[in-house]
S.K.: 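Here it is: the structure, laid out below.
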Amino acid sequence: MSEWLVIWGVAQGVGILVKPILEELAVDGAKDLVKDFFKDSLKNVLFFGEKDPRQVAAGKAITKFVELVEQQLKIGGLSPEQRKLYIKDVKQFINNKSVKEILGKAFESDRESLDAELLEQTWDQLDLTPLPTRFKWQTIANQYLAEVQEILFDSKDLRDILSAQNLDSIQKNTQETAGIIPAFDLRQYQEALCERYSNLNLSSVDPNTYDYREKLKVWEIFIFQDVRSIYESFLPQAYEIPKEHQRRLQDSNQLDAIDLENLEKYRRGYFSQPIVSVLDVINDKQKYPYIVILGDPGSGKSTLLQYLALNWARSPLNSVTSQPIPLLIELRTYIRSGESGHCKNFLEFFHQSPGSICHLNQHQLQEQLKAGDAVVMFDGLDEIFDSGKREDVITAIHRFTNEYPRVRVIVTSRIIGYKPQRLQDAEFHHFILQDLNAEQIQDFVRRWHELTFTDAVEKARIRDRMKRALAYSSTIRDLAGNPLLLTIMAILNRGQELPRDRAELYNQASRVLLYQWDVERSLVEDSRLDPKTIDAKDKQEMLRRVAYKMQAAPEGLAGNIISAEDLENTLTAYLKNKDFDRPKERAKLIINQLRTRNFILCYLGADTYGFVHRTFLEYFCASEVVERFQKTQEISLEELKTDVFGKHWDDESWQEVLCLIAGLIAVKFTGEVIEFLIEQDGAAQKFSNLFLAAKCLNEVRERKEIAGVESQLLERLKELTKYDLNDYTFRDTKNINLVREIRTQALGAVAATWKDDPKTLPWLKQCAQSDDNSAVRRAAVQEIARGWKDDPETLPWFKQCAQSDDNSAVRQTAVQELVRGWKDDPETLPWLKQCAQSDDNSAVRCAAVQELARGWKNDLTIFQCLCDIAINDPFELQSNFQDNPRKAALEIMVKQYSDRPQTLEILRDRFANDPDKQVRNFSLKQLAKLIRETII
């Protein structure tokens, strides 16, 4: 008996019900199980081994079924003692002959679902103890079917039988469709891929008349993004939502269990994973044969797969016949084909499905797969909205890797709602697409304007306007990290001034995204409803109300979450107020469509929704406040000041909302709000009231109307650049840092808010040269570099500052900013080399060394300069080792020039001869690293 329990996994099983129920079945070796379980499948197969694999499989299946039943009892809120009371009932239930037959049907090769309703009816007919109201038979049926598929394909004997049955099915299907048997025409397949995916699809992004179709191809604009490997099944986006919702997702089996108490440990583990190019991952088939690429909506998952397919399709056929064929399967199309009876598996999909862009003979395709001459890409696992069908597809993908182990497989999915565990168990490596970084964004901006403008002057003007917007606004930079939103931004940038008009940017971007939100289609499909149009204005107004409802919740704006019930009630109230027919049914249809759309609002699992990007939550929340203040006048000016700004000026999650409100209301009201903020006592909050007031003022185009308030704010901020405390000493690090933070933030606020004031630049130069705080002086240097780069006097001033300022920290900052802002100036490189070798301060020399390596990595003269510094730099032993130019030069040589013999020689020399013990130890570590990497 105990041997069977071990084989079935009961010895390792968790839960209260499993062991007492399975012990009875194990007494006679589960002989009756085969007869009842495999009544319709695998019943006529003879096995001569020591143990019939059907008995093994049936016992494992019942073990999993009982575990799932107990999981539902637990979700239903029953305690361990209460769950024990169900042992007798569950035992009677699974011994029922009809129940065994239902459970056995999961072993049929073409089985896609189980009759959960019949299971529920049988429980009731047996007059067993009533189940909790949250008990879901359908969930058990879906998960059980997936578990059985795993059991089947973990058994080689049963897998061989099923493979034989599958081949018979293929042959039968081919005979039934005889007459037109598809060829295996790769040239035709190449053409189909190019026709389907070549043009960057902007029809839903830019519904205006501007025509990009002949100008923009995917390969011209595509940028390989970076990825980071997931850590211990941790998906950071899923854990940024409130903890209560995380628990709901776990309880409903929509999020893999992670010890929430150790969440910070998992977060640190994830962010410690290296960021690498997705291209490096894709090119390393040996290390990563099976890959899952996860990303937010619009992050470029589908475009990545399309680019890979096009790269093959655009190559001459004679040069790609020896390369793996890219088989791209859009899973939403595959599921639709399966539901309509056009295919039962992936090979049939390519062979005969109307959804396949080109039919390929499945017999020849199977030969390719057996040889490993294909890369199969499954796009959009998240677009299978039925959880049972999604589990079926995951099982099918796992089975596919078992049947064709030499084939490269790539799967994509959005992050929220995805559970890594099953494909991790199938040896899939998981990676999360990272937002575009600053360099990638600039590359996109350059390419976009080169491809979409012909007039050189207009191209430069529009491009530079977008660059300024990205440099100025952190919110716009955050949006730009998403490729789709960056594309929308580039389109909208043609006709508006950013970032001051960013509220209009968000307004137009939301209109573009809502263009995809085709509410009418779902309404027209429901003949009971009057097809009255829900237009863009209605959609935006509904979203404003949703955002306002969300910000009033306990989590507020930080939560970005709303329950399905609250969402339905909010939409219903709006539709009812606008006299739409059957408002509740309309609201339900809209919410149902939201589950199948990825933008603006998206489904978060466990009957909850949230805005896809936080920016839209902030924008719609601000718009609703403005609507209630200016149009419906539900909010008075006093309430706007005290209840909106007064309650939230020190709440970081509200900062952007308040700035947007300030930019959307009339100037005179903005002036009163700023005056209210100035009057607040913000000392305990690091004067965030004044810094918010500066941001609000920056939203105002015409400031003459509030000139008095503007002057008052400027005076207060300049006073803060001299802020000090009377009760701290040179050892009081906390207060020293506080003073530095407030002073530099105040200086930055003045530079940003009064950039167009002719008095600002002279004031900043004075701060840079004579302020008594070195942090303020450095901050002033940085602000001048970033805000006044195009001023003809700025470059000479910087050179003088970098060469002769009496403060080494200021010189160091000037060196860094000079290289980053004027790298292409012909005098910069010679001057920087001289600075790296002869400045009298080691920190300045060290900064110059690092900038040389960063800016001129491919310059042949840099290596020799580094060698000279590594040997000859006169570093003072008493100085901070982190500022040691010799150490910096050695580190760069190992990182960038490890293939040069001289690097190894100098490391050995420094280890043996350097007068500084720290340099000798550092050289030893670098030697070990270099030798280890060489051996590997």
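Computation of the quantities below employed the complete heavy-atom set of this structure, encompassing side-chain atoms and omitting hydrogens, waters and symmetry-equivalent molecules. All values derive from a computational prediction rather than experimental measurement.
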S.K.: For Phe863, does the six-membered ring have the charged nitrogen or CZ of Arg900 within the cation-pi criterion, i.e. under 6.0 angstrom from the centroid and within 45° of the normal?
M.R.: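 That pair qualifies as a cation-pi contact.
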S.K.: Indicate yes or no: at least one non-hydrogen side-chain atom of Leu714 is less than 4.5 angstrom from one of Trp754.
M.R.: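 Yes, at least one pair of side-chain atoms sits under 4.5 Å.
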S.K.: Less than 3.5 Å apart, any donor N or O on the side chain of Gln837 or Asp868 sitting next to an acceptor on the other?
M.R.: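 Their side chains do contain a donor-acceptor pair, which is all the 3.5 Å distance test asks for.
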S.K.: Would you check if the side chain of Arg845 reaches a backbone N or O of Pro885 as a donor-acceptor pair within less than 3.5 Å?
M.R.: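 Not a single qualifying donor-acceptor pair exists.
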S.K.: Decide yes or no on side-chain contact (heavy atoms from CB on, under 4.5 Å) for Leu486 and Met466, but give the supporting numbers first.
M.R.: CA-CA 10 Å; Leu486 177 59; Met466 186 166 180; 3.6 Å; yes
S.K.: Distance from Gln926 atom CD to Ile906 atom CD1, nearest 0.5 Å?
M.R.: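 Spacing of CD (Gln926) from CD1 (Ile906) equals 13.5 Å.
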S.K.: For the residue pair Lys799 and Asp825, establish whether any side-chain heavy-atom pair is separated by less than 4.5 Å.
M.R.: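 Side-chain contact under 4.5 Å: yes.
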S.K.: Hey, does the side chain of Glu220 reach the backbone of Leu451 with a donor-acceptor pair shorter than 3.5 angstrom?
M.R.: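 No, Glu220 side chain to Leu451 backbone: no donor-acceptor pair under 3.5 Å.
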S.K.: Using a strict cut-off of less than 4.0 Å between a Lys/Arg side-chain nitrogen and an Asp/Glu carboxylate oxygen, indicate whether Arg446 and Glu450 qualify as a salt bridge.
M.R.: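 So Arg446 does not pair with Glu450 through a salt bridge.
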S.K.: Is it true that Arg703 and Asp756 have a side-chain N and a carboxylate O under 4.0 angstrom from each other?
M.R.: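 No.
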S.K.: For Phe222, enumerate each residue passing the ring pair (Phe, Tyr, Trp, His ring centres under 6.0 Å) test, keeping only those at least two apart in sequence or located in another chain.
M.R.: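 With neighbours one apart ignored, the set is Phe224, Tyr307.
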S.K.: Please report the closest heavy-atom contact between Tyr619 and Leu660, naming both atoms and the distance.
M.R.: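 Result for this residue pair: CA-CD1, 3.9 Å.
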S.K.: Is it true that Asp724 and Arg743 make a salt bridge, defined as a side-chain N closer than 4.0 Å to a carboxylate O?
M.R.: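 Between Arg743 and Asp724 there is a salt bridge, with a charged N closer than 4.0 Å to a carboxylate O.
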S.K.: Would you mind telling me which of Arg463, His449, Lys467 makes a side chain to side chain contact (heavy atoms under 4.5 Å, CB included) with Asn493?
M.R.: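 Passing option: His449.
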S.K.: Can a donor-acceptor pair be found, under 3.5 Å and without considering hydrogens, that links the side chain of Thr753 to the backbone of Val750?
M.R.: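 Side chain of Thr753 to backbone of Val750, a donor-acceptor pair under 3.5 Å: no, none is there.
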S.K.: To the nearest 0.5 Å, what is the distance between CD on Gln766 and CG on Leu761?
M.R.: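 Answer for the CD-CG pair, Gln766 versus Leu761, is 12.0 Å.
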S.K.: Please tell me if the side chains of Cys867 and Gln902 come closer than 4.5 Å, counting only heavy atoms from C-beta onward.
M.R.: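 When only atoms from C-beta onward are counted, Gln902 and Cys867 do touch, with a gap below 4.5 Å.
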S.K.: Is Glu851 salt-bridged to Arg820, cutoff N-O under 4.0 Å?
M.R.: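 Answer for the salt bridge query: yes.
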S.K.: Looking at OG1 of Thr615 and CG of Asn482, how far apart are the two atoms once the value is rounded to the nearest 0.5 Å?
M.R.: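 It comes to 10.0 Å.
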S.K.: Are the side chain of Thr721 and the backbone of Leu747 linked by a donor-acceptor contact shorter than 3.5 Å?
M.R.: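 No, Thr721 side chain to Leu747 backbone: no donor-acceptor pair under 3.5 Å.
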S.K.: Could you pull out the closest heavy-atom pair between Ala775 and Arg740, with the gap in Å?
M.R.: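 Here Ala775 and Arg740 meet closest at CB-CG, 3.2 Å.
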S.K.: I need the minimum non-hydrogen distance between Gln816 and Ala847, along with the two atoms involved.
M.R.: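 Of all heavy-atom pairs spanning Gln816 and Ala847, the closest is NE2-CB, 4.1 Å.
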S.K.: Between Phe691 and Gln745, is a side-chain contact (heavy atoms from CB on, under 4.5 Å) present by the stated rule, with each step listed?
M.R.: CA-CA 8 Å; Phe691 298 133; Gln745 194 173 350; 3.2 Å; yes
S.K.: Do Thr861 and Lys833 pair up side chain to side chain, a donor and an acceptor below 3.5 Å, judged on atom types alone?
M.R.: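 Distance-only check passes for Thr861 and Lys833.
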S.K.: Mind checking whether Ile862 and Tyr897 have side chains closer than 4.5 Å, heavy atoms only?
M.R.: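 The answer is yes; the side chains approach within 4.5 Å.
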S.K.: Between Asp806 and Arg777, does any NZ, NE, NH1 or NH2 come within less than 4.0 Å of an OD or OE carboxylate oxygen?
M.R.: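 Yes, charged N to carboxylate O under 4.0 Å.
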S.K.: Does a side-chain heavy-atom distance below 4.5 Å link Gln434 with Val278?
M.R.: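 Side-chain contact under 4.5 Å: no.
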S.K.: Answer yes or no: does atom NZ of Lys925 have more than 12 heavy-atom neighbours from other residues, nucleotides or ligands under 6.0 Å?
M.R.: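 Atom NZ in Lys925 is not packed in, count stays at 12 or less.
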S.K.: So does Gln685 have more than 12 non-hydrogen atoms from other groups sitting under 6.0 Å from CD?
M.R.: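 Yes - once you tally the heavy atoms of other residues, nucleotides and ligands closer than 6.0 Å, there are more than 12.
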S.K.: Could you list the residues that satisfy side chain to side chain contact (heavy atoms under 4.5 Å, CB included) with Arg786, not counting sequence neighbours?
M.R.: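 So Arg786 forms a side chain to side chain contact (heavy atoms under 4.5 Å, CB included) with Gln782, Glu817.
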S.K.: What do the steps show when you test Val667 against Ile706 for side-chain contact (heavy atoms from CB on, under 4.5 Å), and what is the final call?
M.R.: CA-CA 8 Å; Val667 174; Ile706 56 172; 4.1 Å; yes
S.K.: Going from OG on Ser653 to NE2 on His648, what distance comes out if it is rounded to the nearest 0.5 angstrom?
M.R.: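 Result: 8.5 Å between the selected atoms.
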S.K.: Does the Gln225 side chain pair with the main chain of Ser299, one donor and one acceptor, at a distance under 3.5 Å?
M.R.: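 Yes, because the side chain of Gln225 sits within donor-acceptor range (under 3.5 Å) of the backbone of Ser299.
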S.K.: Count the heavy atoms belonging to other residues, nucleotides or ligands that lie under 6.0 Å from CZ of Arg447, then report whether that count exceeds 12.
M.R.: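 More than 12 within 6.0 Å, yes.
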S.K.: Tell me if a side-chain donor or acceptor on Thr813 pairs with a main-chain N or O of Ala809 at a distance below 3.5 Å.
M.R.: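 Yes, Thr813 side chain to Ala809 backbone: donor-acceptor pair under 3.5 Å.
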S.K.: Any salt bridge between Lys718 and Glu715, counting N to O under 4.0 Å?
M.R.: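 Salt bridge between Lys718 and Glu715, a charged N being under 4.0 Å from a carboxylate O: no.
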S.K.: If you count every heavy atom of other residues, nucleotides or ligands that lies below 6.0 Å from Lys686 atom NZ, does the total exceed 12?
M.R.: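 It does not: Lys686 NZ has 12 such atoms or fewer within range.
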S.K.: Once ring-ring contact (aromatic ring centres under 6.0 Å, His included) is applied, what residue pairs with a partner in residues 802-859 remain, sequence neighbours excluded?
M.R.: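 Passing the test, one end in residues 802-859: Phe798-Trp822.
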S.K.: With distance as the sole criterion, is a donor-acceptor pair present between the side chains of Ser774 and Asn807 under 3.5 Å?
M.R.: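 No, no side-chain donor-acceptor pair sits under 3.5 Å.
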S.K.: Do other residues, nucleotides or ligands put more than 12 heavy atoms under 6.0 Å from the NZ atom of Lys722?
M.R.: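 Enclosed: over 12 neighbouring heavy atoms sit under 6.0 Å from NZ of Lys722.
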S.K.: Are Leu852 and Ile892 close enough that some pair of their side-chain heavy atoms sits under 4.5 Å apart?
M.R.: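 No - every pair of side-chain heavy atoms lies 4.5 Å or more apart.
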S.K.: Would you please indicate yes or no on a ring centroid separation below 6.0 angstrom for Tyr723 and Phe687?
M.R.: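 Yes.
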S.K.: Which heavy atom in Cys801 sits nearest to a heavy atom in Val781, and how many Å separate them?
M.R.: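 In terms of heavy atoms, the two residues are closest at SG-CG2, 4.3 Å.
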S.K.: Please check this pair: side chain of Thr903 against backbone of Val894, looking for a donor-acceptor N/O pair closer than 3.5 Å.
M.R.: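 Not confirmed, Thr903 side chain does not pair with Val894 backbone.
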S.K.: Could you give the distance from CG (Asn437) to CZ (Arg477), rounded to the nearest 0.5 Å?
M.R.: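 Answer rounded to 0.5 Å: 13.0 Å.
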S.K.: Could you tell me whether Gln800 atom CD has more than 12 heavy atoms of other residues or ligands within 6.0 Å of it?
M.R.: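 Counting neighbours around CD of Gln800, 12 or fewer heavy atoms of other residues, nucleotides or ligands fall under 6.0 Å, so no.
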S.K.: Quick one: does Asn689's side chain get under 4.5 Å of Ile678's, heavy atoms only?
M.R.: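 When only atoms from C-beta onward are counted, Ile678 and Asn689 do not touch, as no gap falls below 4.5 Å.
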S.K.: Is any NZ, NE, NH1 or NH2 atom of the basic residue among Lys887 and Glu891 found under 4.0 Å from an Asp or Glu carboxylate oxygen of the other?
M.R.: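 Answer for the salt bridge query: yes.
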S.K.: How about Phe444 and Trp448: are their ring centroids closer than 6.0 Å?
M.R.: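 Yes, they do, as the ring centres are separated by less than 6.0 Å.
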S.K.: I need the minimum non-hydrogen distance between Asp873 and Ala836, along with the two atoms involved.
M.R.: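 Reported closest heavy-atom pair: OD1-O, 4.2 Å.
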S.K.: Restricting to non-hydrogen atoms, name the atom on Ser923 and the atom on Leu907 that form the minimum distance, rounded to 0.1 Å.
M.R.: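 Closest heavy-atom pair between Ser923 and Leu907: CB-O, 3.7 Å.
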S.K.: Spell out, as yes or no, whether a donor-acceptor pair under 3.5 Å connects the side chain of Arg228 to the backbone of Ile275.
M.R.: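 Checking the backbone N and O of Ile275 against the side chain of Arg228, no donor-acceptor pair under 3.5 Å is found.
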S.K.: Could you go step by step and tell me if Asp650 and Ser688 meet the side-chain hydrogen bond (donor to acceptor under 3.5 Å, both in side chains) rule?
M.R.: CA-CA 6 Å; Asp650 190 40; Ser688 56; 2.8 Å; yes
S.K.: Rounded to the nearest 0.5 Å, how far does CG of Leu692 lie from CD of Gln680?
M.R.: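 The CG atom of Leu692 is 10.5 Å from CD of Gln680, to the nearest 0.5 Å.
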S.K.: Would you call Leu713 and Leu717 a side-chain contact if the rule is heavy atoms closer than 4.5 Å?
M.R.: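 In contact.
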S.K.: Go through the steps to decide whether Trp788 and Thr760 satisfy the test side-chain contact (heavy atoms from CB on, under 4.5 Å), and finish with yes or no.
M.R.: CA-CA 10 Å; Trp788 286 265; Thr760 302; 3.8 Å; yes
